[in-house]
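Beneath this line is the structure, given in structure tokens, with notes to follow.
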Amino acid sequence: MDISKTICVLEYFKAQDLTISEFLIHILSEDSLYHDPLVQDLSHNAATLLLVLMRHNMKYDRHSDSFLGLLKPQLRSDVENLISHGEEWQFGASSAQAQQLEEFQLDQMAEKMAMISPHLWGLLDTLLSATQKSSSNHQSTYFTTLNKEKEQYWEQADEIGLEGIIEIISGDVSAQQQRLAAHRHAVLTIKKVVIISIIMQSTNQKTNALASMIGIFLHSCKAPEKVIEGLARLGISISLNAIHNAVTSLLAESANCICALGQTLLVNYAYDNFDVNIQTSVPTVQRSATTLKHLTSGLIFPLEHGVTLEDMKCSEQLWRQSHLNLYANPSHIPPTWSWKDIINHLRVLHSEVDPITHNSLSRRERFVFWKFLHDLCYYGPTYFSQFRNAIDKPETIEQIPLIKTKITPVRSMEFSNSTVSGNISTIKNLMDQGGIGDPEDPDNVYEVIDGTPYVILFHGDLGTGDRIISLQTRRSAEVTPWERFQYVIFIPGLFHVKMACANALHRIFIQPTVARQDDTSLMYDIGKLWPKETGIYASNPGFRRMHQLILHSGICRRLDCWAVEVCRLNKDHKTLEDFAASKPSIEQLRIIADDLARRYVADFRMPRLRRQPKSQRDQQHENALLLNKYFLLYEELSYAMNEGDIGRVETCLVPWIFIFRATGKHKYAYYMTQFLANIHINYPEGLRKAIRYHMLVNPTGKPGKFRAVDWCVELNNLYTKEVYGGESSNNTVGRIIKESPLVHVYRNTKNIMEQNLTLTHLTSAHGDPDMTKTFADLINHIATSAPHKIKPGRDTTYEISDYIDKGRDIMSTGNTMDIDGNNEDGTTVKPDDIISDMLY
């Protein structure tokens, strides 16, 4: 517009004694002028006019408070609208429930905030992106509130994952930028939600949903109290008192849930002891110098799979048949079944399919066949990985139905279950928490359910079972079923059985000094896998080390069997890489695996081999075949437990009972024999199903993720004392016991907040180690020592016995098992043992 025309217009306004502001107010207020084109143009460009006027005032150092005053009513209205939806943003700490924590979704809060308060949301979007610039000649930085260090971190972070690595290698930078932009947008959204939440809570303290979640999240992460109080002052978290109120409310809810579940009488209980070391700087009368405290934790979970109350209503029937019943009719007491009767019963129960349809391989040999194929395709040369999906899993004998089992921690107890009296106190406390008891007991404070006609399942290790049997023996003369603990049915934990299997293998192959001297011995494998830990393996390696050794050494030895066999079939195939270069089909691999299952694992032909003249025998080869047999038996038990195949678990337990007997683990041999006799012969059908289908549970509801009940207890111990047990001055017995029922709530809260705050790249789980070079080194050693090649006349410093036959012979002689001897070492659970069993 020409400046001369502008001056003329201004002179006209002066002549009329009229200001421009008065003129504009008049034409915008006059309804008759609304449709005038000039007025319409003014309305359409109102935002531009305001922006120009604001810049004009700022240019000449004039105050622009009047413009801010225009925004205040609208922003105040947005905040009031948000608060009017108060129930959506409120979290009553004194009435907190676990469901509120589980249903928290920050992205849903963001959507509602943006919809209810669009002006406030847009203002924050602008302010938090204040340095963002757009240009046709420059790529948008999108969001620059992250500092330079965070930018570099996220460009290199492992959150990019495999897809991101492929994108970088292939040069697809745009996909990587999109991923970074999405992350930045998520962080920006989180900041806007936090700021609006602070504003809302400052106006109305009840609108504290986000602050409450952050407070409980910090508490579950064992954040120092000063940090929590500082964040509470900033409005980001609730106060410590509010957090404690929320914990109290969650504990009350947990107690009610445990009681409601327990009073259904369709429940399992599991418990185990754990020790905590509470450091006290100055011992007093109240706090002695003894820092090691013995506590007991427990779990409760429902009976599933169609088990009914009628199935569990057999307490009186079992008591009439019990040898502990001093007044029992002898004709009601069932005869004592021998281990041969049990094996025959299991053989009929789990009878094999006609072996002709499976190439004349037995069921156990078919598992060995599958395992050889599996190891070649997963750990052999890369060529064989294409056949992974073509390998069918071993047949299922009897599958536990796949459902997600809800496992609930109960309140821990300050009892030591290493004594009979400690177990009595523990069981009574569990019954109190479950709302079950003797209605005629005058000491009852709350209403209890009479559980006398029913039996209740208790899971634990053999030490627990031994003391439960002792207390039932001591109390057998009591008058009432409740005082006799007649309702208690003990179930041995399979995780501890698995640990006993690993310890038995240590006794066979490592414990004897002479067993470590041959080049083909297992100790030489240890020297290649863990050269700095040979002394530990020779003495007391524990479960984790033995578990890893069995898996890793077994894989390498089975790959060596492949190499020896393919070379035997074709001299040009000196290595598996040479064999892979010939591009064999899956049908050829199956034919070879069939031969491997027959040739390289000890079977009924072993005694015949050992009866040959010494000049024709290869004693180290015989030892290698036995090692393969026992390692594969361990693998089969692990596989069956993970898959929830209770039928295969039972078929595996029989040979392990013989091995336990032969290696001096008499308690496991005795109690597992009695347990199989009880569930398959002595117990009624309904109870039998309830026990067998609940020895393994599936906490995730995913295939291949079944876990032994005692493993779940050990994991709960780890959470109770290590992860959520408090630190420094907060690490007390009182806190551990008080908050023990909430360990799963805390764990879920951590997972939920990590997802909501995009902290998914943070994890305590270790990635699978790259064992390629280590396996290659061990395979080369095994190939050099040649345990799977027959060399007539090769002797050994230690001939390994067939411990299955040896244990069977011992049991056939009728020798009484010494179950009181202290020979069950090697079954102490450590945190690494739990994680190791979960990862492999």
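Quantities reported herein were computed from a predicted structural model and do not represent experimental measurements.
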**Report entry** Donor-acceptor contact below 3.5 Å, side chain S197 vs main chain V193
**Finding:** yes
Requested in this report: Just do the side chain to side chain contact (heavy atoms under 4.5 Å, CB included) check on I196 and W89 with the steps written out, would you?
Outcome: CA-CA 11 Å; I196 293 177; W89 324 111; over 6 Å; no
Query raised in the report: Does a sphere of radius 6.0 Å around CZ in F13 hold more than 12 heavy atoms from other residues, nucleotides or ligands, not counting ones at 6.0 Å or beyond?
Result: yes
Requested in this report: Determine, stepwise, if the pair D36 / Q40 fulfils side-chain hydrogen bond (donor to acceptor under 3.5 Å, both in side chains).
Outcome: CA-CA 6 Å; D36 187 278; Q40 290 290 320; over 6 Å; no
Report summary line: One should read off an interatomic distance between I752 CD1 and K750 NZ, to the nearest 0.5 angstrom, of 13.0 Å
**Report entry** Audit row: T749, N751, side-chain hydrogen bond (donor to acceptor under 3.5 Å, both in side chains) steps and yes/no
**Finding:** CA-CA 5 Å; T749 302; N751 293 337; over 6 Å; no
Query raised in the report: In Å and rounded to the nearest 0.5 Å, what is the CD to CD distance from Q90 to Q205?
Result: 12.0 Å
Query raised in the report: Between S254 and N256, does any side-chain donor sit less than 3.5 Å from a side-chain acceptor?
Result: no
Query raised in the report: Checking T126 side chain against G122 main chain: does a donor-acceptor pair fall under 3.5 Å?
Result: yes
Query raised in the report: Looking only at heavy atoms, what is the nearest atom pair of L210 and L106, with distance?
Result: CD1-CD1, 4.0 Å
**Report entry** Test side chain to side chain contact (heavy atoms under 4.5 Å, CB included) applied to H744 and N716, step by step
**Finding:** CA-CA 8 Å; H744 287 187; N716 183 68; 4.0 Å; yes
Query raised in the report: More than 12 foreign heavy atoms under 6.0 Å from CD of Q386: is that the case here?
Result: yes
Query raised in the report: At their closest point, which heavy atom of F91 faces which heavy atom of A209, and how far apart are they?
Result: CB-CA, 3.8 Å
Query raised in the report: Do T207 side-chain atoms and M200 backbone N/O form a donor-acceptor pair below 3.5 Å?
Result: yes
Query raised in the report: Heavy atoms, side chains only, cut-off 4.5 Å: are E643 and F706 in contact?
Result: no
Requested in this report: Work out which heavy atom in Q399 is nearest to a heavy atom in G644; give both atom names and the distance.
Outcome: NE2-O, 3.3 Å
Requested in this report: Begin from the C-alpha positions of N698 and K404 and carry the test side chain to side chain contact (heavy atoms under 4.5 Å, CB included) through to its verdict.
Outcome: CA-CA 5 Å; N698 197 317; K404 182 177 180 179; over 6 Å; no
Report task. Could you pull out the closest heavy-atom pair between L402 and P703, with the gap in Å? Result -> CD2-CG, 3.8 Å
**Report entry** Test item: T189 side-chain N/O and H185 main-chain N/O as donor-acceptor pair under 3.5 Å
**Finding:** yes
Query raised in the report: So does N389 have more than 12 non-hydrogen atoms from other groups sitting under 6.0 Å from CG?
Result: no
Requested in this report: Nearest 0.5 Å please: distance from the CG atom of N748 over to the CE atom of M753.
Outcome: 13.5 Å
Query raised in the report: Side-chain contact, heavy-atom cut-off 4.5 Å: M213 with Q100?
Result: no
Query raised in the report: Considering only heavy atoms from C-beta outward, does the side chain of K406 approach that of F301 to under 4.5 Å?
Result: no
Query - Verdict with supporting geometry, H26 and E22, side chain to side chain contact (heavy atoms under 4.5 Å, CB included) - result: CA-CA 6 Å; H26 174 72; E22 291 174 341; over 6 Å; no
Query raised in the report: Roughly how far apart are E11 CD and Q16 CD, rounded to 0.5 Å?
Result: 12.0 Å
Query - Note, S297 side chain near S412 side chain (heavy atom, < 4.5 Å) - result: yes
Query raised in the report: What's the spacing between T203 OG1 and I199 CD1 if we round to 0.5 Å?
Result: 8.0 Å
Query raised in the report: Under a 4.5 Å cut-off applied to non-hydrogen side-chain atoms, are N268 and I300 in contact?
Result: no
Query raised in the report: Which atoms form the tightest heavy-atom contact between P741 and R411, and what is the distance?
Result: CG-CA, 3.6 Å
Query raised in the report: Looking at CG of L82 and OG of S117, how far apart are the two atoms once the value is rounded to the nearest 0.5 Å?
Result: 4.0 Å
Query - Sub-4.5 Å side-chain heavy-atom contact between C712 and E714 - result: no
Report task. Evaluate the side-chain proximity of L303 to H694: yes if any heavy-atom separation is below 4.5 Å, no if none is. Result -> yes
Query raised in the report: Parallel under 30°, tilted from 30 to 60°, perpendicular over 60°: which one fits the rings of Y746 and H219?
Result: perpendicular
Query raised in the report: Any side-chain heavy atom of R707 sitting closer than 4.5 Å to one from N642?
Result: yes
Report summary line: Of all heavy-atom pairs linking E229 and L240, the shortest is OE2-CD1, 3.4 Å
